[in-house]
Amino acid sequence: MRIAIVTESFPPDVNGVANSVVRVAEHLVRRGHRPLVIAPQPAAGARDGTGALPYPVVRLPSVPMPGYPQFRLGLPGRDLAAALRAHDTEVVHLASPFVLGARGVAVARAMGLPSVAVYQTDIAAYARAYRVSLTEAAAWRWLRRVHNSANRTLAPSSATASALDEHGIQRIWLWQRGVDSERFRPEHRSAALRRALAPGGEVLVGYVGRLAVEKRVDLLAGASTLPGVRVVVVGDGPAGPALRRALPHALFVGPRHGRQLARIYASLDVFAHTGPYETFGQAVQEAMASGLPVVAPAAGGPLDLVRDGRTGHLVTPDDPDAFTTAIAGLVADPDRRAEYGRAGRAAVRGRTWAAIGDELIGHYAAVLAEAPAVGSPRPGRLFWPRQAAA
């Protein structure tokens, strides 16, 4: 199949959308399909990283997002339709569609092409967090228009699927994310790295992800002052300076990737995932694959990933005391940390990107077989795992 992936984000961006698109495109190539990626142009001077990719990437003009200039918004135009025609696209994959993706689904409908929309970013919550002029209600109206124009919407978690259903989005299927359990594994634990991060032998509590307002990394301020604890923050973003002031005792190491990131995960003792707006929570899976107990909010994607009292703890969202208490309990109990870590590793080992990618290919095949493309909306149905490609 010839699949055009219209994405709001792509490397050099570092986020869940960009990472998922790379994984999907790589898997399609391995399975003998022909992907095309259509993405916003990165900022001037940024390396776009497309030189050695085994699939074509078309970059469209972009502008900085208001309130978050590090993120670029693709400008829809005629180049998108021209790229689809040149590629001879059969199915359009819309990765977290909002601006560029809205144009993508409109062009797909005009060309009679089926489309699959992947919901991955809680735009309505971001509008609230960044206090932009777009209201939550307006965001949902726009998302409803975009997603109901696609043949299927794929939701990454049961909580997200329920929220989409409640807001009138139709034809929802559950499609989760894979994890590289060979790259992220407990065996990468490094005594030398631990000495560098915690020269006093402290228990290491880590966060990995973007440093942005909605991620609520500030909730770790209490944990960072616990005796015998060192909080390690991995990542970068616009909230970095404010977080360094809010967590003066934490160690900020900047962004890390590949093997270096895997070593950091495995060398931690507890993983803390603080953001309450996660539609999935890929860092949670990577931490679990690395053998770490997880403390996360009882909201969004982590509800599907963390088994409270088995692989970690789910706590009240946005409650700093709840995070501090849960982390302190794990810090004081190394046997429980080890037990939760083993259970977490076992829980994610079968969630390979190959299995998830094959499930997605099943969705492509299904929408190709459906006729006609979306016209008048059908009643919405909510589908759960193992049924997604039926």
Side-chain angles (χ1 to χ4, degrees), residues 3 5-8 16-17 20-21 23-24 91-102 104-106 108-109 113-127 136-178 276-282 284-285 298-305 351 355-390:
I3 313 296
I5 304 173
V6 180
T7 179
E8 306 287 343
V17 174
S20 293
V21 169
R23 292 288 190 169
V24 166
V91 178
V92 176
H93 171 134
L94 306 160
S96 197
F98 195 69
V99 179
L100 193 58
V105 74
R109 285 172 64 92
L113 299 174
S115 59
V116 172
V118 179
Y119 184 86
Q120 197 163 341
T121 305
D122 190 345
I123 297 292
Y126 282 22
E136 289 184 73
W140 277 116
R141 284 195 298 271
W142 182 252
L143 288 168
R144 193 158 48 243
R145 175 180 175 181
V146 172
H147 281 268
N148 285 346
S149 296
N151 292 69
R152 293 187 178 192
T153 285
L154 307 185
S157 65
S158 55
T160 299
S162 295
L164 294 174
D165 186 53
E166 290 169 4
H167 285 88
I169 291 175
Q170 303 168 335
R171 299 178 296 280
I172 305 165
W173 299 68
L174 187 66
W175 180 62
Q176 297 179 308
R177 301 293 179 269
Y277 307 126
E278 299 298 324
T279 59
F280 184 70
Q282 183 63 13
V284 171
Q285 279 205 137
L303 290 170
D304 284 356
L305 300 175
R351 299 177 187 170
I356 294 298
D358 286 345
E359 186 180 336
L360 180 61
I361 291 170
H363 285 294
Y364 296 155
V367 297
L368 266 173
E370 291 173 358
V374 176
S376 57
R378 300 191 299 270
R381 293 184 296 165
L382 197 60
F383 290 81
W384 305 107
R386 311 302 179 196
Q387 297 174 277

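In this structure the side chain of V24 never reaches within 4.5 angstrom of the side chain of I3, judged on heavy atoms. The closest side-chain heavy-atom distance from P114 to E370 is not below 4.5 Å. When side chains are defined from C-beta on, T160 does not count as touching F280, because their heavy atoms never get closer than 4.5 Å. Put simply, the side chain of V116 reaches to within 4.5 Å of the side chain of Y364, judged on heavy atoms. Looking at heavy atoms from C-beta onward, R177 lies out of side-chain contact with I356 at the 4.5 angstrom threshold. Residues E8 and V99 have side chains in contact (heavy-atom distance under 4.5 Å, counting atoms from C-beta outward). V105 is not listed as a side-chain neighbour of V92, based on a closest heavy-atom distance of 4.5 Å or more. Within the 4.5 Å cutoff, the side chain of W140 has heavy atoms near those of the I169 side chain.
For T279, there are no side-chain hydrogen bond (donor to acceptor under 3.5 Å, both in side chains) partners two or more places apart in sequence or in a different chain. A search for ring pair (Phe, Tyr, Trp, His ring centres under 6.0 Å) contacts involving Y119 returns H147, not counting sequence neighbours. Residues meeting the side chain to side chain contact (heavy atoms under 4.5 Å, CB included) test with A298, sequence neighbours left out: L303, L314. Considering only residues two or more places apart in sequence or on other chains, R23 meets the side-chain hydrogen bond (donor to acceptor under 3.5 Å, both in side chains) condition with none of them. Remark: R145 engages W142 in a side chain to side chain contact (heavy atoms under 4.5 Å, CB included) (not counting sequence neighbours). Residues satisfying the side chain to side chain contact (heavy atoms under 4.5 Å, CB included) criterion with A355, sequence neighbours excluded, are T352.
Going from atom OG of S158 over to atom CG of D165 covers 12.5 Å, rounded to the nearest 0.5 Å. How far CZ of R141 is from CD of E136: 12.0 Å, rounded to the nearest 0.5 Å. Between the OG1 atom of T153 and the CG atom of L174 there is a distance of 12.5 Å, given to the nearest 0.5 Å.
Separation of the H363 and W175 ring centroids does not fall under the 6.0 Å cut-off.
For A366 against R152, the heavy-atom pair with the smallest separation is CB-NH2, 3.3 Å. Annotation for S115 and A108: closest pair CB-CB, 4.4 Å, computed over non-hydrogen atoms. Minimum interatomic distance between P302 and A299 (heavy atoms only, all atoms of both residues): CD-O, 3.1 Å. Of all heavy-atom pairs between V91 and V367, the closest is CG1-CG2, 4.1 Å. Residues G101 and L94 share a closest heavy-atom pair of O-CD2, 3.6 Å. In this structure, Q285 and G178 approach most closely via the heavy-atom pair NE2-O, 3.4 Å.
Side chains of R351 and Q176: a donor-acceptor N/O pair is absent below 3.5 angstrom, by distance only.
A distance-only check finds no donor-acceptor pair linking the side chain of Q170 to the backbone of R144 [under 3.5 Å]. Counting only distance, with no hydrogens or angles, the side chain of R171 and the backbone of N151 share a donor-acceptor pair below 3.5 Å. With N148 contributing its side chain and G168 its backbone, the two residues share a donor-acceptor pair below 3.5 Å. In this structure a side-chain-to-backbone donor-acceptor pair under 3.5 Å is missing from D304 to S157.
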